[in-house]
Amino acid sequence: MLTAENTLQMIAQARRMPPPAAYRGKSYVSSPEAYQRLYRQSIETPEQFWNHIADELQWQERGETVIAGDMPDFAFFPGSFLNVCENCVDRWATHPLSANKVAIFFEGENGDRKALTYRQLHDEVQKCANVLTSLGLRPGDVVSVYMQNLAETFVVLLACLRTGIVYNTVFAGFSPEALRERIVSSGAKAVVCANGSYRRGKVLRLKETVDRAVEGVSGVEHVVVFRRVPDLETPMTPGRDLDYDELMAAAPRVHAPARLECNAPGLLIFTSGTSGKPKGIVHAGGGFLLGTYAYTKYQLDLSPEDVYWNTADIGWLTSHIFVLVGGLACGVTTVLYEGALDHPHPGRLYEVIERYRVNKLFSAPTAYRMLMKHGEEVARRFDLSSLELMASVGEPLNPEAWHWLHRVVGGGRAVINNTWGQTETGGTPLASLPGAIDMKPGSCGVPFFGHAVDVVDPAGNPVPDGVPGYLVIRNVFPTLARDVYGDRARYVNSYFSQMPGVYFTGDSAVRDADGHYWVLGRVDDVINVSGHRISTMEMESALIQHPAVVEAAVVGQPDEVRGQVPVVFVTLDRGYEAGPELEASLKEQVVRNIGSFARPHQVYFVDAMPKTRSGKIIRRMLREILRDGEVRGDKTGLEDADIIDKLVADITER
Ligand code: PRX
């Protein structure tokens with residue numbers, strides 16, 4: 001785990017590794033000087049930079065204004081019109097050089113394989129757009145999508161982008177309660193789901209989850225079901241549930257892309273904030289295309305010649321940024337994989353790379369650390385010589401994993417790009433420009449064009465290089481979230497109120513003397529488990545609904561593979577006895593309310609919580625006891641200092 005102390009040590013020890021000449025030669029930006037010059041220009045005249053990006057896209061109508069207003073009320077290309085789907089699909093499907101090129105290689109965990117060319121994808125998307133509109137859905141309506149990585153998921157989402165229907169993907173590992181909350185808060189009129197999903201050799205019954213989630217929710221008029229698992233019994237509710245394949249078979253093959261204003265909402269994705277209730281982050285369709293195209297092009301050097309695999313699940317925004325919108329806007333051939341990356345054997349990820357000769361891979365530190373755990377021997381069994389670049393996002397990529405990846409998977413030859421981004425930034429404001437910037441294992445690279453990133457003290461003043469502070473962004477950019485769905489005040493309060501005039505990321509970071517950024521982690525109560533962002537408050541609210549629990553506190557504990565794991569502390573009501581049965585029941589409570597990825601690693605039953613005089617639980621102390629077996633920091637704020645010894649005994653004796 002990165003902490004301020006060991007990061008400063010890491011920065012001091014970081015070795016600079018220049019990009020290999022062979023890679024540099026193919027890169028869009030191939031020298032540090034070129035990066036510096038372009039970066040300076042993009043900050044001085046952002047209009048010029050975004051206009052240049054806009055020139056490479058297809059517009060329905062393009063006006064003169066590039067940026068209007070400032071945070072939190074801003075717009076990019078206001079009054080201009082473009083269709084995201086047209087840029088991601090039609091552009092390639094109607095061009096003779098790319099129409100018959102593979103857009104998506106799908107590989108199911110169970111071994112199913114399928115390829116869709118851009119022309120075929122175009123047909124499917126147009127049919128699906130007709131299906132959605134035939135259900136009465138209109139631009140601005142919300143559709144919840146509860147599907148794993150499937151070609152059909154891409155078709156549905158692109159069809160939404162084509163019609164102006166706002167989609168909300170919900171990770172297909174979320175529980176019925178979590179799905180229901182998202183459906184209700186977004187006012188979804190329809191749900192599209194798969195009947196099941198293959199995961200670690202089992203079939204997850206997604207349609208059953210949807211049935212439980214929509215029970216009694218009157219706003220959901222239709223549930224469209226794609227039968228991914230053909231022989232899975234799938235109860236259908238007459239009048240509400242419809243079969244995807246039947247609808248598609250009957251749909252006309254031509255659909256004209258809707259005329260959409262650049263700032264109209266395009267997609268909605270929920271993420272954890274500091275309170276118990278997830279936030280529906282709204283991204284503008286056109287803005288999202290503009291920004292993600294730029295990130296993908298320059299940070300991955302993506303082009304139609306690449307075979308590119310981003311392992312992210314479609315339930316997380318990474319997949320939308322770097323594949324669905326950014327990747328397809330670059331005309332790439334993408335690999336889409338359903339299921340666990342080490343199933344049915346630990347070399348599955350390598351097998352897929354070898355089969356498709358993937359040259360650009362994008363994954364998360366937790367997956368990279370999993371590969372490392374499976375060992376070098378497994379990697380050696382496969383031909384990974386096609387790999388030129390490996391990117392990462394979601395959590396710190398520790399130098400040990402970095403070096404292993406570089407040496408074993410990348411053969412000492414591939415470039416590694418550790419990027420930093422958030423659901424709210426809709427992209428990665430920090431990353432390397434892989435042909436231009438020296439790699440430094442552990443760092444998140446440099447600010448992207450048009451992003452004025454800074455590290456500041458609590459008063460908002462810049463801190464000197466080498467000093468940790470809050471990570472902020474001083475200017476607007478096209479993929480910056482435009483709203484929290486249905487709660488403008490929460491949007492303004494969460495991101496723009498801590499320090500006037502800047503976007504507050506909620507992360508802390510250090511900038512080194514070379515201008516590289518090192519992200520240390522969250523400054524709020526959000527933890528990061530295998531790249532899944534979980535609010536500790538959300539878990540605590542689930543736990544206190546259990547009849548045995550009086551108080552609950554959740555903290556993140558460092559973990560070698562998953563980055564962090566949630567650890568729970570509870571005090572019990574009279575009449576309840578601590579023990580393995582209750583521990584299992586509390587873990588289940590979290591799984592039921594949120595999903596299995598949030599399952600607590602450990603539950604500690606304690607007599608009392610460390611609290612301030614105003615009654616707030618001091619989670620920092622619980623973290624310290626877990627880590628050091630004692631509280632070393634300041635204890636003066638405690639309401640009852642005597643409880644610390646008891647807590648230490650309760651926790652360390654387990
Ligand atoms: O704390 C940062 C961490 O992940 C958070 C964002 O999570 P999420 O919204 O789920 O990410 C979606 C990615 C598009 C950040 O606030 N984080 C992300 N990347 C890194 C990171 N922490 C350290 N290093 C990174 N490269």
Side-chain angles (χ1 to χ4, degrees), residues 1-4 7 10 169 171 267 269-274 278-281 283 288 291-292 295-296 299 310-326 362-369 390-399 401-402 405 416-432 439-448 453 468 470-473 479-481 484 494-495 503-510 516-536 538 556 558 562-564 597-598:
M1 270 307 287
L2 298 186
T3 62
T7 304
M10 208 160 74
T169 49
F171 172 55
L267 57 127
I269 189 147
F270 283 83
T271 192
S272 295
T274 44
K279 294 187 263 206
I281 301 296
H283 283 289
F288 195 74
T292 58
Y295 296 122
T296 313
Q299 295 176 344
N310 187 317
T311 69
D313 188 278
I314 194 70
W316 309 117
L317 198 65
T318 300
S319 177
H320 307 239
I321 299 167
F322 283 106
V323 198
L324 182 79
V325 178
F362 201 134
S363 196
T366 187
Y368 291 139
R369 287 192 293 261
M390 289 180 284
S392 179
V393 75
E395 357 149 29
L397 181 62
N398 49 311
W402 194 104
L405 196 65
I416 296 189
N417 192 357
N418 176 27
T419 70
W420 171 87
Q422 307 179 296
T423 306
E424 293 87 342
T425 58
T428 39
L430 292 174
S432 189
M439 297 178 275
K440 283 193 187 185
S443 117
C444 295
V446 295
F448 186 61
V453 184
Y470 296 107
L471 186 66
V472 299
I473 304 178
T479 59
L480 183 59
V484 168
S494 305
Y495 308 114
Y503 165 71
F504 184 78
T505 65
D507 279 343
S508 61
V510 186
H516 284 239
Y517 283 70
W518 304 69
V519 174
L520 303 171
R522 303 287 307 182
V523 293
D524 54 22
D525 288 326
V526 172
I527 59 174
N528 203 324
V529 180
S530 300
H532 297 180
R533 196 165 136 183
I534 306 173
S535 146
T536 53
E538 200 177 340
R562 294 193 280 167
Q564 282 182 302
F597 59 91

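As the structure lists them, so they are numbered: ligands from 1, and atoms in each ligand from 1.
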Is E395 touching ligand 1 with its side chain, its backbone, both, or neither, if touching means heavy atoms under 4.0 Å apart? backbone
Expected output: side-chain E395 to main-chain T366 donor-acceptor under 3.5 Å: yes
Candidates T318, I321, T271 - the one meeting side chain to side chain contact (heavy atoms under 4.5 Å, CB included) with T423: T271
With atoms numbered from 1 as shown, which atoms in ligand 1 lie under 4.0 angstrom from a non-hydrogen atom of T318? 13 (C), 14 (C)
Ignoring hydrogens and geometry beyond distance, is a side-chain donor-acceptor pair present between T479 and Y295 at under 3.5 Å? yes
At a 4.0 Å threshold, what atoms of ligand 1 neighbour a non-hydrogen atom of V519? 22 (N), 23 (C)
Describe, in one word, how the ring planes of H283 and F288 are oriented to each other, choosing from parallel (under 30°), tilted (30 to 60°) and perpendicular (over 60°). tilted
Is the backbone of P396 close enough, under 3.5 Å, to the side chain of N418 for a donor and an acceptor to pair up by distance? no
Proximity flag G394 to ligand 1, non-hydrogen atoms under 4.0 Å: yes
Search all heavy atoms of P365 against all heavy atoms of V393 and return the closest pair with its distance. CD-O, 3.3 Å
For W420, atoms of ligand 1 separated by under 4.0 Å from a heavy atom: 2 (C), 15 (C), 17 (N), 18 (C), 19 (N), 20 (C), 21 (C), 26 (N)
Heavy atoms, side chains only, cut-off 4.5 Å: are T296 and F362 in contact? no
Near N528 (heavy-atom distance under 4.0 Å), the atoms of ligand 1 are 3 (C), 4 (O)
Looking at ligand 1, does any of its N/O atoms fall within less than 3.5 Å of an N/O of T505? no
Any N/O pair V393/ligand 1 closer than 3.5 Å: no
Assess the side chains of Q299 and T428: does a donor N or O sit below 3.5 Å from an acceptor N or O? yes
With a cut-off of 4.0 Å, which atoms of ligand 1 are near a heavy atom of P396? 22 (N), 23 (C), 24 (N)
Report the part of N418 (side chain from C-beta onward, or backbone N, CA, C, O) that has a heavy atom under 4.0 Å from ligand 1; answer both or neither where that applies. side chain
Counting heavy atoms only, which part of D507 comes closer than 4.0 Å to ligand 1: side chain, backbone, both or neither? side chain
What about F171 and H532, are their ring centers closer than 6.0 Å? yes
Would you say ligand 1 has an N or O under 3.5 Å from any N or O of T271? no
Short N or O distance, E424 and ligand 1, threshold 3.5 Å exclusive: no
Distance filter under 4.0 Å to C444 heavy atoms, resulting ligand 1 atoms: 24 (N), 25 (C), 26 (N)
